[in-house]
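Here is the structure we will look at.
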Amino acid sequence: MDFVITTEQLSKTFGAFKAVDAISFEVAQGEIFGFLGANGAGKTTALKMLTGLLSPSSGKATVASFDVWRQPEQVKRRIGYMSQKFSLYEDLSVRENIRFYGGIYGLKRADIAAKTADLLQKLELEPYADQLVAGLPLGWRQKLAFSVALLHEPRIVFLDEPTSGVDPLTRRQFWDLIYEAAHEGVTLMVTTHYMDEAEYCDRVSIMVDGKIQALDTPRNMKKAFGAEDMDEVFRKLARGQA
Amino acid sequence: MPTSSISVQQISKAYGALQAVREVSFEVQAGEIFGLIGPDGAGKTTLFRILTSLLLPDGGKASVDGLDVVRDYRALRQRIGYMPGRFSLYQDLSVEENLGFFANVFGAHIRDNYELIRDIYVQLEPFKDRRAGALSGGMKQKLALCCALIHRPRVLFLDEPGTGVDPVSRKEFWDMLRRLRRAEITILVSTAYMDEAELCDRVALMQKGEILAIDTPQGITRSYRRPLFAVRSADMYRLIRELRSLEGADCYAFGEFAHLSMAAAPAAGADKSPAAAMSGIRAFLELHGHTDIEVLPVEATVEDSFIELMKN
């Protein structure tokens, strides 16, 4: 099988604190992988290592076949990233944001123009192309941010709480885009605090105290924990956490 | 006559061209847990700021604990506790110092009201010397709640206490709120998590500055009229797209299943029983080559109702 992410005993320590404690897992191409855990469980630290922003203390990880420790710049070029907190520049227009990110990822001018036209049409944003992103409804902004993260055709996109605070209808429309991208072979690694969204993932891992305590399909995980839904699995696993 | 603890009448507020809140009215009874449920941009925070006297409305009237939010703002501020959406504590003060500071501002003593916060504060006590900025998300939230309660307010305003907080901490937080009812404190809480609606006594569903519905959570879900089914197969991506093509149907991901809501009125003369609809859905999916098909009738949740109301 073609793995887009592999980690072996990946660890990160800050002084005496083991933020990420020897995690090992693989994510296959085209998979929607839910990366869950309580606040402080180590998800953000793990994501920073996988996106080449933080070097591991020990262990190994590859993303799109590049070593995150030795080749972080190669990794960065092949991944997309989107979060609720940071994605687009609000003081730039829709068109300017697309051009800016296209430039950052080194796309040619002609490619940027063609992709801009495609994207505006697909998202039905043509009438708003020259409006500032700040004035767009949150749901539109989110869809635009996701599309921009896909602009340079990365093999994997990291989505860090992409739907936090979004209305239920827009949240579904956003998941339609995630499904579609996966269908086209893009790998998606998603963090979320909505446990119903955990169920939309092909497989899910749950981190507790820096370790991956469970990793399986949502269905098998519920069976293993005798739980009705992922919310219950999560509570059972993370119980006793501060 | 039951007295309203919070009374909101035709309140409006605009920021330039943006109408943040549009003629909103609702009443909250003393001791109730009342939820404002809606996404970002629904107007929840604007309403909170008006009700806590931090922002003047453009129109309408509102009172809290019998005090007008504009005229009686000084007296009002003594009687309310407010936990804003963003972390509001002093990051450089310790847990204990934060609590002491908030008590002091209101001229209250921690020991007088300790009973009220004891359940919550005992969990923080091991960390009482830690800087607030160094606490985990769940712990920060608990400390913020203690600080909002330490002067024993009559009405508590909690603006999105669950945002960015993991499900375990969120559940613990709601357990704490329910225990606060014994102290007869009225609670107005906002959230973008639809599942939290079911933990409130009554809720107002909000969208773009307006209220879509006000009722008990049970009342909200009872008013959902369309036949609703949970459907799954081995290929969910295709399943959702194909079911959407059915006449009058809507289909969206819902946990492990997709929810399929059918047209309210089936064609005249058609068999209207759920069993007939279910075998119809199954036949449709088999025809499209799906495997591992499951079709079940389900009751609507608040989230289904919200989606339905948004479309109208």
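We name chains A, B, ... by the order of the sequence lines, and we start the count at 1 in each one.
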Q: For B/P167 and A/F234, work out which heavy atoms get closest and say how close.
A: CD-CE2, 3.6 Å

Q. Which region of A/D231, side chain (C-beta onward) or backbone (N, CA, C, O), has a non-hydrogen atom less than 4.5 Å from a non-hydrogen atom of chain B, or is it both or neither?
A. side chain

Q: Write out all pairs satisfying salt bridge (charged side-chain N to carboxylate O under 4.0 Å, His left out) with one or both partners inside residues 120-131 of chain B, taking only residues at least two apart or from two chains.
A: B/D92-B/R131

Q: Name, in order of residue number, those residues of residues 170-184 of chain A that have a heavy atom at a distance of less than 4.5 Å from a heavy atom in chain B; otherwise write 'none'.
A: A/R171, A/R172, A/D176, A/Y179, A/E180, A/H183

Q. Side chain, backbone, both or neither: which part of B/R238 has a heavy atom under 4.5 Å from chain A?
A. neither

Q) How far does CG of A/D229 sit from CD of B/E256, to the nearest 0.5 angstrom? A) 9.5 Å

Q) Side-chain contact, heavy-atom cut-off 4.5 Å: A/H193 with B/V165? A) no

(Q) Please check this pair: side chain of A/Y200 against backbone of B/A253, looking for a donor-acceptor N/O pair closer than 3.5 Å. (A) yes

Q) In terms of heavy-atom pairs under 4.5 Å, which option from B/P39, B/A258, B/A42 contacts chain A the most? A) B/P39

Q. Which one, B/R170, B/K171, B/K208, leads in non-hydrogen pairs under 4.5 Å with chain A?
A. B/K171

Q: Taking all heavy atoms of B/G255 and all of A/E199, pick out the closest pair and write down the distance.
A: C-CB, 3.2 Å

**Q.** Results of side-chain contact (heavy atoms from CB on, under 4.5 Å) for A/S147 - residues two or more places apart only
**A.** A/L119, A/L123

Q) Checking B/K311 against chain A: side chain, backbone, both or neither under 4.5 Å from a heavy atom? A) side chain

Q.
Using a 4.5 angstrom heavy-atom cutoff, name the option from A/P168, A/G40, A/G135 with the most pairs to chain B.
A. A/P168

Q: Below 4.5 Å from any heavy atom of chain A, which atoms of B/I240 appear? Answer side chain, backbone, both or neither.
A: side chain

Q.
Please output the residues of residues 218-226 of chain A in contact with chain B, using a heavy-atom cutoff of under 4.5 Å, in numerical order.
A. A/R219, A/K222

Q. Under 6.0 Å from the CZ atom of B/R179, do we count more than 12 heavy atoms belonging to anything else shown?
A. yes

(Q) So which residue, B/Y252, B/F257, B/Y193, B/F306, ends up with the most heavy-atom pairs under 4.5 Å with chain A? (A) B/Y193

Q. Crowded around B/Y224 OH? As in, over 12 foreign heavy atoms under 6.0 Å?
A. yes

Q) Atom CE in B/M310, atom CG in A/D167: separation rounded to 0.5 Å? A) 3.5 Å

**Q.** Heavy-atom closest contact (B/D166 atom, A/A38 atom, distance)
**A.** OD2-CB, 3.4 Å

Q) Around atom CG of A/D91, are there more than 12 heavy atoms of other residues, nucleotides or ligands at under 6.0 Å? A) no

